[in-house]
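Here the structure is laid out as structure tokens; the discussion comes afterwards.
Only this structure's heavy atoms are used, side chains among them; waters, hydrogens and symmetry mates stay out. Below, chains carry the letters A, B, ... as their sequence lines are ordered, and counting in each starts from 1.
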Amino acid sequence: MNQPVQRAEETDVVELRVPCKAEWVALARLSVAAVASRLHFSIDEIEDIKLAVAEACTNAIQHAHGSSYIEIRCEALADGLRINVRDYGRGTRPESIRSRELEDERVGGLGVFLIRSLMDDVSYDVHPEQGTQLVMTKRLPV
Amino acid sequence: MNQPVQRAEETDVVELRVPCKAEWVALARLSVAAVASRLHFSIDEIEDIKLAVAEACTNAIQHAHGSSYIEIRCEALADGLRINVRDYGRGTRPESIRSRELEDERVGGLGVFLIRSLMDDVSYDVHPEQGTQLVMTKRLPV
Amino acid sequence: MDIKVNVREAQGDCYVVDLGGEIDVYTSPKVKDAIGELIDRGVYHLVINLEKVRYIDSTGLGVLIGGLKRVREHGGSVNLVCTNPQIKKIFDITGLVKIFGIFESEDAAMKALV
Amino acid sequence: MDIKVNVREAQGDCYVVDLGGEIDVYTSPKVKDAIGELIDRGVYHLVINLEKVRYIDSTGLGVLIGGLKRVREHGGSVNLVCTNPQIKKIFDITGLVKIFGIFESEDAAMKALV
Ligand SMILES: Nc1ncnc2c1ncn2[C@@H]1O[C@H](COP(=O)(O)OP(=O)(O)O)[C@@H](O)[C@H]1O
Ligand SMILES: Nc1ncnc2c1ncn2[C@@H]1O[C@H](COP(=O)(O)OP(=O)(O)O)[C@@H](O)[C@H]1O
């Protein structure tokens with residue numbers, strides 16, 4: 001979001017920045033759903049993408065203390081949609097970001113698990129001082 | 001959108017950047033409508049805001065030659081919503097941006113007229129080389 | 001593309017164009033093509049039914065005005081069916097109510113045409 | 001706030017919580033409060049009707065799990081009514097189908113409770 005992306009191969013990029021507050025997650029969800037719909041994902045796939053984006057935003061709100069904004073970058077790929085969610089909060093240790101054991105009946109700990117279950121490629125880039133960046137891709141069915 | 005906005009007085013700001021292409025106007029419309037709905041505008045007011053944003057985007061697409069992106073900034077005010085739509089196209093002469101005469105039955109020329117009719121404060125900032133910036137406000141009824 | 005365009009023949013030499021969805025800078029070329037094709041075929045009396053249109057902006061209005069201008073050259077006319085208050089409002093504030101016949105039902109639009 | 005929460009008494013000492021709309025990080029506190037209040041009042045047999053819920057995320061699931069844990073301490077139970085396939089899928093992939101009773105109708109959820 002900090003520098004305009006203008007490449008030779010024209011991939012469409014949509015960027016959204018929302019306050020890192022609970023009341024703006026619905027907007028993030030809706031906007032990304034509209035991008036996914038534009039790229040002809042099915043209704044079920046759009047629901048998966050919405051949920052993954054919401055979980056990422058929720059984690060930024062609940063764990064990325066000190067982040068004012070959440071930035072969401074959607075990149076239209078030839079075969080799918082790559083979504084980048086980043087915050088500028090305190091971040092965490094990489095080993096904290098893991099899916100829970102399903103046997104474990106805790107109240108929390110489902111967010112990362114859902115993101116990994118619903119999206120096709122998921123990677124976290126965690127900087128304790130500079131926040132957390134999540135890159136996830138949903139592929140269009142072939 | 002180029003530098004994070006973090007002020008003492010915390011006004012919520014939502015920023016969206018979409019490719020300057022016709023197929024992304026629906027997304028811009030929908031996202032801004034969601035912001036307006038969050039700020040408790042009525043359904044009619046939301047429709048006004050959607051249309052004004054769409055007209056601004058359409059003008060960027062049709063007239064701002066050379067702009068890759070349209071940037072839309074929504075700022076929640078105590079008494080309304082301020083929306084900033086900017087492109088990085090060739091821009092125009094300030095005197096070109098005017099509402100048409102309604103008697104004039106031309107095919108075009110309704111966009112700026114609609115923006116001025118539907119929004120409460122409208123101002124254009126035109127830079128022939130750096131694109132066009134439109135700032136418009138919709139006030140919440142008192 | 002959230003636009004539906006359907007052309008059907010009605011009584012006489014009159015045609016109805018049903019539009020549905022959202023008419024904007026992206027979708028209006030499809031509407032323009034459909035109306036243009038009809039006029040090319042010599043149809044100059046049109047009812048355009050906007051009842052299922054949820055959204056229209058100036059590019060959509062431009063297409064309607066363009067169609068009207070073309071049929072008028074042949075003594076034709078365009079009547080619109082429009083029930084959505086937000087869309088009616090746009091025809092009001094742009095003054096287009098004065099150049100289009102705007103009706104609450106297809107029946108009324110048709111009767112006024114012939 | 002796009003969430004609807006309605007609590008109503010059904011037969012016996014059983015209560016039904018009707019939820020509607022979207023349950024996320026913003027709206028789930030309202031759901032949590034409603035369920036918490038019931039439990040505080042000593043209601044340990046709950047049916048939570050999710051039929052009108054269009055969306056739920058992990059914060060919503062967390063509220064349901066939290067409620068279940070609290071009533072279980074008193075020998076209670078929570079049965080869910082859920083017909084939306086996307087929401088069922090979330091209970092499936094998270095394994096929560098194994099800890100909640102999930103039913104197709106309120107009747108079935110109620111019968112299984114008592
Ligand atoms: N954006 C983030 N900033 C800081 N920590 C994060 C972020 N996202 C995830 N985490 C870490 O990953 C953990 C697992 O997240 P999750 O599976 O969503 O469960 P929960 O949020 O309920 O703890 C969190 O507890 C937190 O420590
Ligand atoms: N973003 C923009 N970049 C360059 N020119 C613009 C822009 N927005 C508006 N204009 C100028 O203002 C004029 C009036 O716009 P409008 O009322 O929407 O009618 P139309 O687009 O049909 O000409 C345009 O013809 C154009 O010259």
- chain B interface, residue from A:Cys74, A:Ala28, A:Pro19, A:Ser37 that has the most non-hydrogen pairs under 4.5 Å: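 Highest number of pairs under 4.5 Å: A:Pro19.
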- For atom CG of A:Leu77, is the number of surrounding heavy atoms from other residues, nucleotides or ligands below 6.0 Å larger than 12? yes
- State, to 0.1 Å, how close A:Val13 and B:Tyr69 come at their nearest heavy-atom pair, and which atoms those are.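 In terms of heavy atoms, the two residues are closest at O-CE2, 3.5 Å.
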- Distance, nearest 0.5 Å, that separates CG of A:Asp12 from CD of B:Glu23: 6.0 Å
